[in-house]
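We use all heavy atoms of the structure for the numbers below, so side chains are in, but hydrogens, waters and symmetry mates are not. Chain naming here is simple, since letters A, B, ... match the order of the sequence lines and numbering starts at 1 in each.
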Number of protein chains: 2
Amino acid sequence: MAKPTIANVAQLAGVSQATVSRALRGATNVTEATRNKVRQAADQLNFTLSKSASALASGKTMRVILLVSGKLNEWFNSGVLQGVYEELAPFGYDVTPAFITDRSELDRFFSQLPKSRNSDAIIISSFQLMPAMREQLQAIDLPTVGVNVPAESGYFDASISIDNYSAMTMAVRLLRSLGHTNIAFCSDYIPADMIYNTSQRTQAFADAAQANATDGIMFSLLTADAHDAPLSKSDLASQLTAKLLSLPERPTAVCVETDQVAIALVKELRKQQLNVPEDISVLGFDDAEIAQAADLSTIRQEPIELGRIAGRKVLQLLRNEPLEHPHELQDPLLVLRNTTSRIDSGTATSE
Amino acid sequence: MAKPTIANVAQLAGVSQATVSRALRGATNVTEATRNKVRQAADQLNFTLSKSASALASGKTMRVILLVSGKLNEWFNSGVLQGVYEELAPFGYDVTPAFITDRSELDRFFSQLPKSRNSDAIIISSFQLMPAMREQLQAIDLPTVGVNVPAESGYFDASISIDNYSAMTMAVRLLRSLGHTNIAFCSDYIPADMIYNTSQRTQAFADAAQANATDGIMFSLLTADAHDAPLSKSDLASQLTAKLLSLPERPTAVCVETDQVAIALVKELRKQQLNVPEDISVLGFDDAEIAQAADLSTIRQEPIELGRIAGRKVLQLLRNEPLEHPHELQDPLLVLRNTTSRIDSGTATSE
DNA sequence: TTGTATGCGTTATCAT
DNA sequence: ATGATAACGCATACAA
């Protein structure tokens, strides 16, 4: 038989279509006896329910969209996907990933979003909230949960984000207690219409600097210059190194927005005859696999866990369960490895 | 309006439902004038076609399943996903990832596979062909393309795989021409019912060894012992190091099945006072991001490209286009960095 | 080129 | 607990 339908199963089992439907979906009001009959018949015919037909009839698509900024194979994004999948798959939900890398795609996606009846919920990861998005976001009647999004509630039904502010505060405190009094923060160049949430770290660092400004600590903010094309990590690193070394007083510690850049920076610094961590401490952000391989001290993010939490929130929303804490912040974790150390007093001035 | 249907659009545009359907899907037999009318009406109503309804009516789900072994956030898998997505998304296909980590899941998945009418095609990545799978695979009437699967055709309509044999041959040749005459291959422990295709590399190395056995080169195969739980990479590395150093004659070069393990091995070797690459060369496999960060010489695999090729094959299959070369092998690329070097004659004997 | 009518495979409402 | 039947929203064969 080419493609058995529910009718075939019903006939073979000697019951009605409705009963087959009920039996196969595990509805309560079916005798175990008939349920077994039906199951047997279904097995025999190699039958499974058609998701499309179910979706059409029930209004539930059993799919949730995961929209990420940047490519699907990026460390953070693929981790979130994994986490989301882990939570949703057991309940029969498919997760449909979508990714967006530039502004025009973003606009197009969001302008279509409110119309879409092709998923039951949508998870949005690591997007800055652009004005244009806000309207669209509110126009969606689907459950919407954010991952690593600005915590301003009202746009997402729920969200889970890394607490960047707490992270940078911890970082600054750590470096201070290691004796560092001249700390820099390196951020990648971020175009104005870009979408990543990482720029929040810059702000968080600035705030932390502000909070510690009184006790004579020096802070500097280093950013790569704008370019047409995105810089390679090593070009970026050498540019940042140059800026670092041309400061009036060379910092003894550097926070870097991303492990990748941090590692490139360490390489570049060593090339310039600066010892890491003896002469200068470097602290990354993420704790991706490479951080471990490179023995980089870093602030850990856990994308899989974020994805799981997001997945669970989706499930609750879908069941109309009230969320105790719709918007959560996750505390980051400092991972100390081999690129940070106590300041070597005496070496701290200049080269 | 809650959820506009095609009927609403038809009414607003003053045409029939059929015309709306045709216009919106870009069928040829529609006047540009009416198409515009329809588009306008659709925009105004915030209407998009329901995938479920389309799928039901047309028999095309516009989705393709990507099944991978191991987690979605693994380097290889997420790369393949990205590549597949890049090719399929522009044509309106959703890609639905699914992953499988153990044998029982695999059995369940494959036993359900033939029945499923929930996707138009299926891409299967990095699975060893188990006997049980073969039947199921043949029972599927969906287009099926494999990524990094054994090249035995007949089970997949198309496939694209890394040429492991060629890779290992290249690796052995390279090491030989660097003067190495005692070469080892390190593989992770792979349970008998496991699914990864990487074990093929072991075989390929054995074959390459065979082919070069005549001219006095020594080969050894090192495998981690079986354990209940999978070993951590560093535990694995220290175990392999121990085996390596307890060989009658210590090899001067080692191929390692995976970058991750290779890097851990390098660390362990250095801890044991062996200089890499001066005393011993290490060659990884994959060229994941960590390989670059760790300056590891390695054999490059390009998962994104593999995914793209698989995606294109799916598209062709879906269009019933004949494939010139349904089953392709991709030549690997040697990437020389800082863990391989010419043998230091004289140091080559023992520690 | 456009309209009419039917069917796609389920779920859900209402009976029984 | 089970059965009959009307949606669900669209695509397509056929007619005009």
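- In summary, A/R63 and B/D94 do not engage in a salt bridge, as defined by a charged side-chain N under 4.0 Å from a carboxylate O.
- The nearest whole Å value for the distance from the CD atom in B/Q11 to the P atom in C/dG3 is 13 Å.
- Not one side-chain nitrogen or oxygen of B/S50 sits closer than 4.0 Å to the OP1 or OP2 atom of D/dG9.
- Taking atom CD1 of residue A/I6 and atom C1' of nucleotide C/dC8, one finds them 13 Å apart after rounding to whole Å.
- The B/S58 side chain lies nearest to D/dT12 when the options are C/dT1, D/dT12, D/dC10.
- Nearest nucleotide to the side chain of A/S21, out of C/dT11, C/dG9, D/dC10: C/dT11.
- B/V15 comes within 4.0 angstrom of the backbone, heavy atoms only, and of no base.
- Among the nucleotides D/dC10, C/dT2, C/dT10, the one closest to the side chain of A/S54 is C/dT10.
- Nucleotide C/dT10 holds its P atom 19 Å from the NZ atom of A/K60, rounded to whole Å.
- The distance between atom CD of A/Q17 and atom P of C/dT13, rounded to the nearest whole Å, is 17 Å.
- Comparing C/dA12, D/dC10, C/dT4 against the side chain of A/R25 picks out C/dA12 as the nearest.
- A salt bridge links A/R35 to A/E32: one of the charged nitrogens lies within less than 4.0 Å of a carboxylate oxygen.
- Under the 3.5 Å distance criterion, with hydrogens and angles disregarded, no donor-acceptor pair is assigned to the side chains of A/Q44 and A/Q40.
- As rounded to whole Å, 18 Å separates atom C1' of D/dC8 from atom NZ of B/K51.
- Electrostatic pairing of B/E74 and B/K71 does not count as a salt bridge here, judged by no charged N lying under 4.0 Å from a carboxylate O.
- Mapping B/G14 and A/S52 onto DNA chain C by nearest heavy atom places B/G14 closer to the 5' end of the strand.
- The side chain of A/R22 sits closest to C/dT13 out of C/dT13, C/dT2, D/dC10.
- In summary, the side chains of B/T61 and B/D120 do present a donor paired with an acceptor at a separation below 3.5 Å, with no hydrogens or angles considered.
- When distances run from any side-chain atom of A/T5 to the nucleotides C/dT10, D/dT2, D/dC10, the shortest one goes to C/dT10.
- Distances were taken from every side-chain heavy atom of B/T19 (C-beta onward) to each of C/dG3, C/dT10, C/dA12; the shortest belongs to C/dG3.
- Rounding to whole angstrom units, CZ of residue A/R35 and C1' of D/dT2 are separated by 13 Å.
- Minimum atom distance to the side chain of A/A57 is reached by D/dC8, of the listed C/dT1, D/dC8, D/dA11.
- In this structure, B/N29 places its CG atom 12 Å from C1' of C/dG3, rounding to the nearest Å.
- Look at CG on B/L56: it is 10 Å from C1' on D/dA11, rounded to the nearest Å.
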